[in-house]
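Worth knowing before you read on, the calculation uses all heavy atoms, side chains too, and leaves out hydrogens, waters and symmetry mates. Both ligands and their constituent atoms are indexed starting at 1 by order of listing.
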Amino acid sequence: MSIRTLDDLLAEGVSGRRVLVRADLNVPLDKQTGDITDDGRIRAVLPTLGALVEAGAKVVVCSHLGRPKGTPDPQFSLSPVAARLGELLGAPVHFATDTVGDSARSTVADLADGQVALLENLRFNAGETSKDEAERGAFADQLAAFGDAYVDDAFGAVHRKHASVYDVPARLPHVAGRLVLREVEVLSKLTSEPERPYVVVLGGSKVSDKLAVIEALLPTVDRLLIGGGMCFTFLKAQGLEVGTSLLEKDMVETCRNLLERSEGKIMLPVDVVVADAFAPDAAHDTVRVDGIPSHRLGLDIGPETVAGFAAALSQAKTIFWNGPMGVFEMAAFAAGTRGIAEAITKADAFSVVGGGDSAAAVRALGLDESSFGHISTGGGASLEYLEGKTLPGIAALEN
Ligand code: 3PG
Ligand code: MG
């Protein structure tokens with residue numbers, strides 16, 4: 001891969017130069033209070049920002065948060081992120097209340113060497129995500145005007161063909177930041193001759209989101225363990241009744257086909273925790289998968305499944321995990337995710353946790369982050385990498 005790196009840029013000298021950094025500061029916020037519930041993505045970009053600050057650059061950070069519709073929407077403001085970033089950096093972060101308007105222009109112009117600014121949410125501008133090249137290009141022109149060089153450290157967004165990810169690097173000298181570099185290094189270990197057995201654990205709610213990665217992984221992996229909401233569509237494909245559990249009816253046939261082709265590599269739950277309702281205090285029990293009552297829904301994998309999955313994981317030399325096994329945000333349905341996470345930490349394997357949700361689960365459950373080989377900041381991005389897709393953000397850096 002012929003990508004220039006942050007070290008190359010630092011070697012040229014950045015003192016007094018404006019460096020535009022695309023970060024992925026898309027952190028989860030508490031729906032009621034608006035507080036940041038997991039700051040992992042902010043921490044992940046500190047090595048790059050710290051190095052630029054130390055080298056005396058004028059650092060202009062930009063990011064998206066959530067999915068606002070191309071126009072300002074206060075619930076998706078990056079303002080709380082600016083405050084948290086400032087705490088973590090140990091120096092105030094100058095926050096621009098727009099992305100490319102008057103506030104942004106004066107904030108950038110007023111930066112002293114070694115200071116950091118954060119622009120307001122990129123997605124408050126329709127040009128950021130537009131499918132129209134000209135509209136994206138016009139927005140990219142405005143962004144690029146804030147930098148003398150561009151650093152992409154937004155691994156979580158490299159799979160998006162968006163102005164700040166794809167079009168800005170065509171307009172400025174560009175390099176990969178420390179996080180992007182580390183993520184690509186780690187994920188490439190999984191795609192090129194992983195040490196075997198290679199065991200993948202997939203969870204999350206929808207089969208349709210994971211279909212491409214399942215297709216891509218099946219020939220490569222030794223075992224594929226499936227939990228989370230999407231397991232019910234697979235169970236249905238085996239002819240079982242799943243009550244009122246999450247079910248993608250139009251995917252049942254696809255799942256049946258995958259099971260037929262999987263040469264026994266796919267492992268499904270043998271027991272699940274079923275509840276009367278999707279609520280933290282709902283009455284619940286563990287049942288075998290052939291005994292799910294018609295009026296109840298599955299919200300976690302059961303203990304026997306955890307034991308079976310853990311046994312498979314204990315044999316592994318390489319592990320990739322994406323997606324929670326149950327509704328871990330509710331204590332009653334967290335045991336499956338916790339059990340699998342613990343089994344991964346105990347395995348004598350190189351383990352990668354992919355994804356916003358699974359990474360947040362690791363931290364929310366109070367697990368030791370350092371007992372995993374790598375915790376990726378990218379959900380969709382890491383899956384698309386493993387699918388072997390061209391990632392627009394990486395391709396843009398290669399040019
Ligand atoms: C993510 O959370 O997966 C990344 O920040 C990308 O966000 P997006 O899926 O809204 O593009
Ligand atoms: Mg996403």
Counting only N and O atoms by type, is there a donor-acceptor contact under 3.5 Å from the side chain of D148 to the main-chain atoms of R18? yes

Of all heavy-atom pairs linking T337 and A361, the shortest is CG2-CB, 4.1 Å

Practice problem: Measure from the side-chain N and O atoms of D98 to the backbone N and O of S103, and report whether any donor-acceptor pair falls under 3.5 Å. | Solution: yes

Looking only at non-hydrogen atoms, the one of H162, R67, R41 nearest atom 1 (C) of ligand 1 is R41

Within 4.0 Å of some non-hydrogen atom of R160, the atoms of ligand 1 are 8 (P), 9 (O), 11 (O)

Looking only at distances, can you tell me whether any N or O atom of H159, backbone or side chain, sits closer than 3.5 Å to an N or O atom of ligand 1?
no

Per-atom filter on ligand 1: closer than 4.0 angstrom to a heavy atom of G156 are 4 (C), 6 (C)

Ligand 1 to D24, heavy atom cutoff 4.0 Å, flagged ligand atoms 4 (C), 5 (O)

*asked:* Can you confirm whether more than 12 heavy atoms, excluding those of E54, are under 6.0 Å from its CD atom?
replied: no

Across all chains, not counting sequence neighbours, the side-chain contact (heavy atoms from CB on, under 4.5 Å) partners of Q115 are H94, L111, A112

Taking only non-hydrogen atoms of N26 and a 4.0 Å limit, the atoms of ligand 1 in range are 1 (C), 2 (O), 4 (C), 5 (O), 7 (O)

